[in-house]
Amino acid sequence: MTAVWSAPVRFVECDQQGIVFNAHYLVYADEAVNAWWAARGLPWQDLTGRGLEYVVVASAQQWRSPARYGDTVEVDVEPDRIGRSSLTLRFAIRVGERVCCEVATTYVCTVGGASAPWPDDVRELLGAPEPDGAAQGGSAPG
């Protein structure tokens with residue numbers, strides 16, 4: 001798989017043990033999500049220009065091995081779940097083939113600060129089926 005985003009580990013990102021401090025893996029995922037959207041033809045500026053924003057509602061990390069100063073981290077992104085208004089992405093943050101950290105982040109689509117369904121064209125670009133109940137006029141949970 002080709003990484004969506006990559007960068008060298010900076011000295012400032014490392015703790016006293018010389019490894020990447022845990023919170024920086026969330027920063028790497030945050031950088032990668034913007035590249036992931038852009039790769040689908042939906043850069044952040046286009047989404048916000050349409051009045052759409054995606055906000056983080058949950059994030060979890062699992063560490064596998066350390067990244068260190070001088071390494072280059074690469075981030076792979078895969079959709080895990082696409083709901084009516086939510087999207088969960090999985091990030092594999094690695095050095096070469098060695099996975100350092102896995103992150104799962106759930107985002108919610110918002111318009112004017114309130115939760116809103118993903119527009120149909122966005123769902124299509126994400127490869128998502130219609131939300132459950134959409135054909136019957138019902139609504140599905142986020």
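- No continuous path of ILVMFWY side-chain contacts below 4.5 Å connects Val99 to Ile93, so the two sit in separate hydrophobic clusters.
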Fill in: Full working for side chain to side chain contact (heavy atoms under 4.5 Å, CB included) between Thr72 and Val9
CA-CA 6 Å; Thr72 295; Val9 173; over 6 Å; no
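- Note: Cys100 SG to Glu74 CD = 10.0 Å, rounded to the nearest 0.5 Å.
- Cluster membership for Leu125 and Val77, using ILVMFWY side-chain heavy atoms within less than 4.5 angstrom, is shared.
- For residues 99-114, the side-chain hydrogen bond (donor to acceptor under 3.5 Å, both in side chains) pairs, not counting sequence neighbours, are Ser59-Thr105, Arg64-Glu102, Thr88-Thr106.
- No continuous path of ILVMFWY side-chain contacts below 4.5 Å connects Val55 to Val27, so the two sit in separate hydrophobic clusters.
- The ring-ring contact (aromatic ring centres under 6.0 Å, His included) check on Tyr69 picks up Phe11, with sequence neighbours excluded.
- Every residue was checked against the side-chain hydrogen bond (donor to acceptor under 3.5 Å, both in side chains) condition with Asp30, not counting sequence neighbours, and none meets it.
- Minimum heavy-atom separation, Pro79 to Leu89: CA-CD2, 3.6 Å.
- Applying the salt bridge (charged side-chain N to carboxylate O under 4.0 Å, His left out) criterion to Arg50, with sequence neighbours excluded, gives Asp121.
- Atom SG in Cys101 sits 13.5 Å away from atom CZ in Arg94 (nearest 0.5 Å).
- A pairwise comparison of heavy atoms in Asp76 and Ala3 identifies OD1-CA, 3.4 Å as the closest pair.
- Follow the hydrophobic side-chain contacts under 4.5 Å out from Val33 and you never reach Val57; the two are in separate clusters.
- Considering all non-hydrogen atoms of both residues, Ala29 and Phe91 come closest at O-CE2, 3.4 Å.
- No chain of hydrophobic side-chain contacts below 4.5 Å, direct or via other Ile, Leu, Val, Met, Phe, Trp or Tyr residues, connects Phe21 to Ile19.
- Between Val4 and Val75, the closest side-chain pair of non-hydrogen atoms is not below 4.5 Å.
- Atom CZ of Arg123 sits about 10.5 Å away from atom SG of Cys109, to the nearest 0.5 Å.
- Formation of a donor-acceptor pair under 3.5 Å by the Arg68 side chain with backbone atoms of Cys14 is not found in this model.
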Only distances under 3.5 Å count here; give the side-chain donor-acceptor pairs of residues 39-49 to other protein atoms, sequence neighbours excluded, each with its distance to 0.1 Å.
from: Arg40; atom 1: NH1; to: Trp36; atom 2: O; distance (Å): 3.1
from: Thr48; atom 1: OG1; to: Trp44; atom 2: O; distance (Å): 3.1
from: Thr48; atom 1: OG1; to: Gln45; atom 2: O; distance (Å): 3.3

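- Taking the salt bridge (charged side-chain N to carboxylate O under 4.0 Å, His left out) definition, one finds that Asp80 meets it with Arg90, sequence neighbours left out.
- Every residue meeting the side-chain hydrogen bond (donor to acceptor under 3.5 Å, both in side chains) condition with Ser65, not counting sequence neighbours, appears here in chain and number order: Arg98.
- Under the side-chain hydrogen bond (donor to acceptor under 3.5 Å, both in side chains) criterion, the residue pairs touching residues 17-29 are Glu13-Tyr28, with sequence neighbours excluded.
- Atom OH of Tyr54 and atom CH2 of Trp118 lie 8.0 Å apart (nearest 0.5 Å).
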